[in-house]
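Take a look at the structure below.
Throughout, a chain's letter reflects where its sequence line sits, starting with A, and its residues are numbered from 1. Side chains included, hydrogens not; waters and symmetry mates left out as well; all remaining heavy atoms used.
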Amino acid sequence: MENPSGLNDRQMEAVHAVEGPLLILAGAGSGKTTVITRRISHMISSGIPAPSILAVTFTNKAAREMLQRVKTMFPGKVPMPHISTFHSFGAQMLRESIESIGFRKNFTIYDSQDQISLIKETAREIGLKLEALDLDGTAQLFSAVETGRTPWTGQEKHIRELFDEYRKNLQIYNAVDFDDLIMLPIRILSEVEEVRELYRSRFHYLMVDEFQDTSEAQYRLLKLLGEGCGNVCVVGDDDQSIYSWRGANYENILRFEKDFPAFKEIKLEQNYRSTKQILRVANRIIANNSNRKGKELWTGAQEGEPIELYMAESERKEAEFIVSKIRVLKIRHSLQFHDFGVLLRANHLTRAIEEEFLKENIPYQVSGGMSFFERKEVRDILSYLRVIVNPDDDVSLLRIANTPRRGIGKKVIENLVALSAQKECSLYSAMTVLRDSGQKELDGSHSSQSPVAEFLSLMDDYREKLQTPGKAAETVKALVDEIDYWGHLVQEHKDQDLARIKLSNVESLMGSVEDYEKNPDVVHPSIQDYLTRVSLASRDDIGDKDAQGRVNLSTIHAAKGLEFPVVFIAGVEKDIIPHGKALEERDTNVEEERRLFYVAVTRAKQKLFLSTCATRRFRGKPVTAYPSPFLEEIPKESLVVIEEEEEADTSQSADFLTEMRKRFLE
DNA sequence: CACTACACATGCACG
DNA sequence: ATGTGTAGTG
């Protein structure tokens, strides 16, 4: 570092350019996070009120870490800058002002799973054939249309009808989907002047991290907030743009230049992360892309060791190779498990490696993939809470109405659906209508008690109970007992161990409610706020507290912004990276796949391993795999190919001996 | 009407 | 390998 502040000149310049629009092009490992936090703390020190600063990051984790760093710089300072993701900013804004466009404040946030359930439900309602419908594709189309990325292209008349019904249902259910978290704030800010003024007077300094991954809609939101004060700072790297599939558009950089013509541009090109060897390879790879801003990273770091490529026979061998390298390097360089990152293109590729890690007792942590909150049993309980908070939430209601079984079966639901269609109301309202009308023949009653009425009184009862502050965790536990969820799990699974695991997940959920409730940073804890957080939680939000001492197994996407002394990129194969599906979609996607590979390579500080398999299991069957064409873009002299496995004995004790031997020979 | 079993299709990335 | 839809059974 060049001067006493610990920052180089360019970084200093970025920290001090507080007023007016600013574009920071920050290469991988160029100290971007440091610059952003230093810039915030510089602003606060120079008298700018902290709450007038709004910083938007890409993940909750990044937001938390940034806030933490600022807090450390100003211990005890009370109003802090607002630091969050776009989505959680949107959610908070909606909690405050959604009534101005006709929703109620207790709205539910539907994630992509809920969204798909709702599309399915809606399709059923309007009599669409489900088998003819690609639900995932439809959800993606809806999102593209909603955010203005794709216009309707004619022909799909029934799809448009489905879309309109879907939107209508969201309104009836008092629910918003992920896209709404961006689109509705845009609508409010454009249409409701008071709210626009309120927000513009609240935030005078805006900052966006990972700008290359913001969508056009997010950019519009940013522009609406920032065009009043003009103090908008965006930080990004076009070479690391890897989210175009969900609307990210690095052309936002061009838009920014056009919308804020007085902008100042600063390039950060000195890399503080990787060795010369690693950086050289990264530069060579990315040089094959054509659409670039143009940037050449350099480093003053040591030359380092060459990159190694291991060509394994099978996934199994690949995993064994990774394990043995981790063992050896860990001892040889006194590393910890968390100094290793294993990066993969897709989630399911983690499986083979996970198995090996389990077998070999390597502690690991998976980021990406199924999150805790996506587990069936966890969603069940969360659905109860969601219905309690927002009874009109039909998606959650359908999930729990008969879980555990309570006699509200298909027939009863059908009756309720008919009734709700007729009254244009939610199922819950239909339930109350049914109860009050006393039409016992419709509600599944066998004896004197009506299951529908009982269900309603259960919900009312717990809605009441959850009002008591500080008792949420306790109340949730009481609810789980009262519905006998344990009995339900036991009944559903003949594998009792599985049932026990699921119950322990439910217990973890209750633990998370308790943690939330006791968290001193939460000013007014409520179940509604808890549910909002959960809906916005990213996949690695839970468990990152004990990431210490574990190997990080992660998708490349989820590894963005992270770094490790030792990185393995596994499955560097044709059709994996670049991904076959991605290339099918658009031929320009090769460049994004190459950026993805570039991101993966630039995570490594000291040592980088690449690996491929000759055969890989696909849909249960072994299939021949080929090395990735990207490997040919790496200069031969920068790559050492490990032809044969050095007879890695995978039994732990033998391995330990080998390591000891190596250690003493050095 | 509810539950079980079996067949079937399907697997890129994320807030 | 997993989830979902459906047909068939109690």
Query raised in the report: For the side chain of A:Arg405, counting heavy atoms from C-beta on, which of B:dC14, B:dC3, B:dG15 is nearest?
Result: B:dC3
Report task. Could you work out which one of C:dT4, B:dC14, B:dC1 sits closest to the side chain of A:Lys120? Result -> C:dT4
Report task. Using a cut-off of strictly less than 4.0 Å, decide whether A:Thr59 has a side-chain nitrogen or oxygen near OP1 or OP2 of B:dC14. Result -> no
Given atom [atom1] of [X] and atom [atom2] of [N], what is their separation to the nearest angstrom?
X        : N      : atom1 : atom2 : answer
A:Ile413 : B:dA2  : CD1   : P     : 10 Å
A:Glu374 : C:dT2  : CD    : P     : 16 Å
A:Arg246 : B:dA13 : CZ    : P     : 13 Å
A:Lys61  : B:dC14 : NZ    : C1'   : 14 Å
A:Arg399 : C:dT4  : CZ    : C1'   : 14 Å
A:Ile242 : B:dC14 : CD1   : P     : 9 Å
A:Lys411 : B:dC3  : NZ    : P     : 16 Å
A:Glu414 : B:dA2  : CD    : C1'   : 13 Å

Query raised in the report: For A:Arg595, which residues count as a salt bridge (Lys or Arg N to Asp or Glu O under 4.0 Å) partner, sequence neighbours excluded?
Result: A:Glu592
Query raised in the report: Should the pair A:Phe203 and A:His82 be assigned to parallel (<30°), tilted (30 to 60°) or perpendicular (>60°) ring geometry?
Result: perpendicular
Requested in this report: Kindly assign one of parallel, tilted or perpendicular to the pair A:Phe357 and A:Tyr364, based on the angle between their ring planes and the thresholds 30° and 60°.
Outcome: tilted
Query raised in the report: Does the aromatic ring of A:Tyr243 sit over the six-membered base ring of B:dA13, closer than 5.5 Å centre to centre and tilted less than 30°?
Result: no
Query raised in the report: Is there a donor-acceptor pair closer than 3.5 Å between any side-chain N or O of A:Asn289 and the backbone N or O of A:Arg594?
Result: no
Report task. May I ask you to check whether A:Gln212 and A:Glu210 show a side-chain donor-acceptor distance below 3.5 Å? Result -> yes
Using atom names, set out every protein N or O paired with an N or O of nucleotides 10-12 of chain B below 3.5 Å, distance rounded to 0.1 Å.
unit_1: B:dG11; atom_1: N7; unit_2: A:Arg619; atom_2: NE; d: 3.1
unit_1: B:dC12; atom_1: O4'; unit_2: A:His579; atom_2: NE2; d: 3.3
unit_1: B:dC12; atom_1: O2; unit_2: A:Arg345; atom_2: NH1; d: 3.2
unit_1: B:dC12; atom_1: O2; unit_2: A:Arg345; atom_2: NH2; d: 2.3
unit_1: B:dC12; atom_1: N4; unit_2: A:Glu585; atom_2: OE1; d: 3.2
unit_1: B:dC12; atom_1: N4; unit_2: A:Glu585; atom_2: OE2; d: 2.2

**Report entry** Step-by-step ring-ring contact (aromatic ring centres under 6.0 Å, His included) determination, A:Tyr243 to A:Phe58
**Finding:** CA-CA 11 Å; A:Tyr243 281 94; A:Phe58 202 65; 4.8 Å; yes
Query raised in the report: Using 4.0 Å as the upper bound for N to carboxylate O, is an ion pair formed by A:Glu573 and A:Arg616?
Result: yes
Requested in this report: Could you tell me whether A:Lys560 contacts a base, only the sugar-phosphate backbone, or nothing, with contacts defined as non-hydrogen atoms closer than 4.0 Å?
Outcome: nothing
